[in-house]
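Following: one structure in structure tokens, then a few remarks.
Atoms within a ligand are numbered from 1 in the order they appear, just like the ligands themselves. Computed from a predicted model, the values in this text were never measured in an experiment.
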Amino acid sequence: MRIFQTVAEIQKYLLEINELRHTSVGFVPTMGALHDGHLSLIAASKTKTAITVCSIFVNPTQFNDKQDFDKYPIQIDRDLELLLSAGCDVVFVPNVEEIYPNGTLEKTGIDLGFIGKTLDAAHRPGHFEGVLQVVKRLLDIVQPDILFIGQKDYQQCMVLTKLVEHYQLPVQIEICPTLREQDGLAMSSRNARLNAEERIAAVQLSKALFTIKEHIHHADLLALIKEQLETLHQNRLISVEYIVAVNGKTLQTIDSYQENTPITLLIAAKVGDVRLIDNVIVS
Ligand code: PAF
């Protein structure tokens, strides 16, 4: 496994490999603190491309909350070990100056429309602008054939699809399913910050979504959501930002179950001071 810290080095290496073998490149961008969810993206990339590149970069421009950034878990040595055993070929571990040589202020300016205004965009102002900025830069550096991202970040997947469409980038996006702990909690780097009590509480987020999914075909949708919200409110460790049913293609809120509409359930909540998100596709 090759590890690079500078743009010049990784680009030189990928160029040489491409000249020699015309290989396909899969790319898994991460912010580190890797878990099995990330490793499943590496595995997916390995089945579809010849060279798998993973980046580890905690992007400061996508954190609207400085404390969240300061507390983001960092475990680089462990990450590198995990990537090595997963068979990752290339790891890119740049610093802020490598990614933003002209400073962090230059954003893409892409108009995301409604998906740039709702849910996480509304609750984390500037977040998706930072995600667009860093992923555009990383794609320019790595120039992959396939970008592998996780369904857990549902809205981010839509945002990145817009990015690729906007610049007409020659990259395919592969969205991989969310991996869950045995009790149903969606795997997330942030789970490492939960204490024992919070970890027990956190499972209620996915439980709420799966309960709504189970009853959505035969019960009033808004009443179902209200009931789950009330259950979540009863836990003093949980504070819900949103729990909604949306059209899975547009993110517009849905009030009642309609058979031919793609429906996704999404939740964002703080458990203690750790912000978690999750989603379940109904149809
Ligand atoms: O999903 C993440 O971990 C990040 O938002 C990403 C895509 C690596 C960009 O920093």
Problem - Under-4.0 Å heavy-atom contact with ligand 1, by part of Thr30 that carries it - result: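 For Thr30, the contact with ligand 1 is made by the backbone alone.
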
Practice task
Considering the heavy atoms of Val134, write down every atom of ligand 1 situated less than 4.0 Å from one of them.
Solution key: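 The atoms of ligand 1 under 4.0 Å from a heavy atom of Val134 are 9 (C), 10 (O).
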
Handout entry: Under 4.0 Å to a heavy atom of Gln62 - the qualifying atoms of ligand 1, by number
Key =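 Answer, ordered by atom number: 4 (C), 5 (O), 9 (C), 10 (O).
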
Handout entry: atom 3 (O) of ligand 1 [closest protein heavy-atom partner, distance rounded to 0.1 Å]
Key =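 Here the closest protein heavy atom is Met31 CG, 3.7 Å.
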
Practice task
For atom 7 (C) of ligand 1, state which one of His38, Gln133, Gln156, Arg137 supplies the nearest heavy atom.
Solution key: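 Selected option, by shortest heavy-atom distance: Gln156.
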
Is it the case that the side chains of [Y] and [X] hold a donor-acceptor pair, with the cut-off being a distance below 3.5 Å and no angle test?
| X | Y | answer |
| --- | --- | --- |
| Gln67 | Asp70 | no |
| Thr231 | Gln228 | no |
| Thr52 | Ser45 | yes |

Practice task
Examine Tyr13 together with Phe4 and report whether their ring centres are nearer than 6.0 Å.
Solution key: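 Centroid separation for Tyr13 and Phe4: below 6.0 Å.
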
Practice task
State yes or no: are the ring centers of Phe63 and Tyr72 separated by less than 6.0 Å?
Solution key: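 Ring-ring flag for Phe63/Tyr72: true, centres closer than 6.0 Å.
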
